[in-house]
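Encoded as structure tokens, the structure appears first; notes follow it.
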Amino acid sequence: MMLQKARVTEQQLKKAQAQVEKVAAALEKSRDLSRVIVHVDMDAFYAAVEMRDCPELKDKPMAVGSMSMLSTSNYHARKYGVRAAMPGFIAKKLCPNLVIVPANFDKYRAVSGEIREIFADYDPHFQPMSLDEAYLDFTEHVEQRQHWPESARTHRFRARDIAAGETKTELSQEAATEERDLSPVLFEDSPGSSPSLMGPEGVCAPGGDVEVFGTSVEEAVREMRFRIEQKTMLTASAGIAPNMMLAKVCSDKNKPNGQCRLPSTREAVMDFIQNLPVRKVCGIGKVSEKMLNALGVSTCSHLSQKMAMLSLLFSETAWHHFLEVSLGQGSTYIPRYKRKSMSTERTFKELSKAEEQLSLCKELCEDLADDMRKGGLKVLISVVLTFKPVSVHICCIRRLS
DNA sequence: ATACATACC
DNA sequence: TACTGGTATGTAT
């Protein structure tokens, strides 16, 4: 790449510059600042769940995973440099007192279900990215919210038994589904529990303090985070911005238990982008960062300065992505199937195709497993010779491992 | 179509 | 002792 760069002539560069400007102008014309996108991210999710359910772990450095690999660590452990995706035995060297807890994915899935119920209240089409993270489009909610009475924006402090959370997740989940929603939570044990649902701004049932949230986006997001914390005893962080790429960066800004809003103006967006390290952008990882750095690009402002050169050295998709980033645009690096709200027509087509493939795969796997039990190696070889390597690989692993 | 590379959680 | 595993996109051949 460096060689290529050295061979670039003034004239090529000029031509490239013109081309880049054309694309940039088109992008600029399509800029959309009308949406309010929120990225929510639970704080140290797996670790937080384990700490919640085991008081012993409070104020100890701990991580979730194994001696071979850690999924995440709590903030105490991070002070020692213990991070996600770090082998446990190395983490132990950095922090000998580190407690490593094996992962309980079923539990995390259950908690994830709880927070997703809350997400759905703000955007029924929210896009989950993993168990602990999602993108939400708050545009409509905020519009509606303007006409909401205060009572609909009033929420109670936790009413749930702390012991309940400790025993079994299924139990607490059941309890949670009944009590969920905007109307305030009922006390199982409080005297005046059932009837006096809401004295709108009046004093609410004893034992439960109340918080009223405003009508702005910030308030709506604060409310959502509040409800998550009340329901799960876990905290979340959030970013608010006119698109997903920026919302994601924002959610990282006030990390644990905070939020950050980037105003929906071109100016604010451009300011925000200027000194942003390219590595912060979703889709630019270790490798791209290295390559860009070698070309003198470490922040987004460098990106726009060097766009012409970048367009000559990188593939079209790659430099288009860079250009979007340099303009603070783009919907981030999100799998397409999650990005688009699918048309019913497409859904049907893809569904039937998927089903077909699935049944084919199932058949293959059944036969394979069966034959292998009986016939052994000979069958395996014939299968390997018959099917595409990838299919065989997947089938074998899925079915037999 | 296949293999390999990069990225994310 | 020990450096994941699942899913997706992008690039090269």
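So you know, we letter chains A, B, ... as the sequences are listed, proteins then strands, and number each from 1.
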Measure CZ/A:F105 against C1'/C:dG5 and give the value in whole Å, please. 9 Å

The single option from A:R225, A:H39, A:R222, A:E218 that satisfies side-chain hydrogen bond (donor to acceptor under 3.5 Å, both in side chains) with A:Q259 is A:R225

Is any side-chain heavy atom of A:D41 less than 4.5 Å from a side-chain heavy atom of A:M129? no

Whether A:S288 contacts B:dA7 is assessed here as follows: a side-chain N or O lying under 4.0 Å from the phosphate OP1 or OP2. Is that the case? yes

Any donor-acceptor N/O pair, A:K92 side chain to A:L98 backbone, under 3.5 Å: yes

Mind calculating the distance between NE2 (A:H321) and P (B:dT6) to the nearest angstrom? 16 Å

Give a yes or no answer on whether the side chain of A:T299 reaches the backbone of A:P277 with a donor-acceptor pair at less than 3.5 Å. no

Roughly how many Å is it from CG in A:D132 to P in B:dC8, rounded to a whole number? 15 Å

Could you tell me the separation between the NZ atom of A:K286 and the P atom of C:dC3, rounded to a whole number of Å? 16 Å

Phosphate OP1/OP2 of B:dC8: any A:S130 side-chain N/O under 4.0 Å: no

Is the number of heavy atoms from other residues, nucleotides or ligands within 6.0 Å of CD (A:E267) greater than 12? no

Centre-to-centre under 6.0 Å for A:F322 and A:F314, is that the case here? yes

What's the closest nucleotide to the side chain of A:S68 if the choices are C:dC3, B:dC9, B:dA7? C:dC3

For atom CG of A:L131 and atom C1' of C:dG5, their distance in whole Å: 13 Å

Nearest-Å distance for atom pair CD/P, residues A:E316 and C:dA12: 13 Å

Could you tell me whether A:R153 and A:E150 make a salt bridge, using a distance below 4.0 angstrom between a side-chain N and a carboxylate O? no

Nearest-Å distance for atom pair CE/P, residues A:M69 and C:dA2: 13 Å

Rounding to a whole Å, what distance do you find between A:L70:CG and C:dC3:P? 12 Å

Enumerate the residues from residues 79-92 of chain A whose closest heavy atom to DNA chain C is under 4.0 Å, giving them by residue number; use none for an empty result. A:A85, A:P87, A:F89, A:I90

Would you measure the distance from the P atom in C:dC3 across to the matching atom in B:dC8 and give it in whole Å? 23 Å

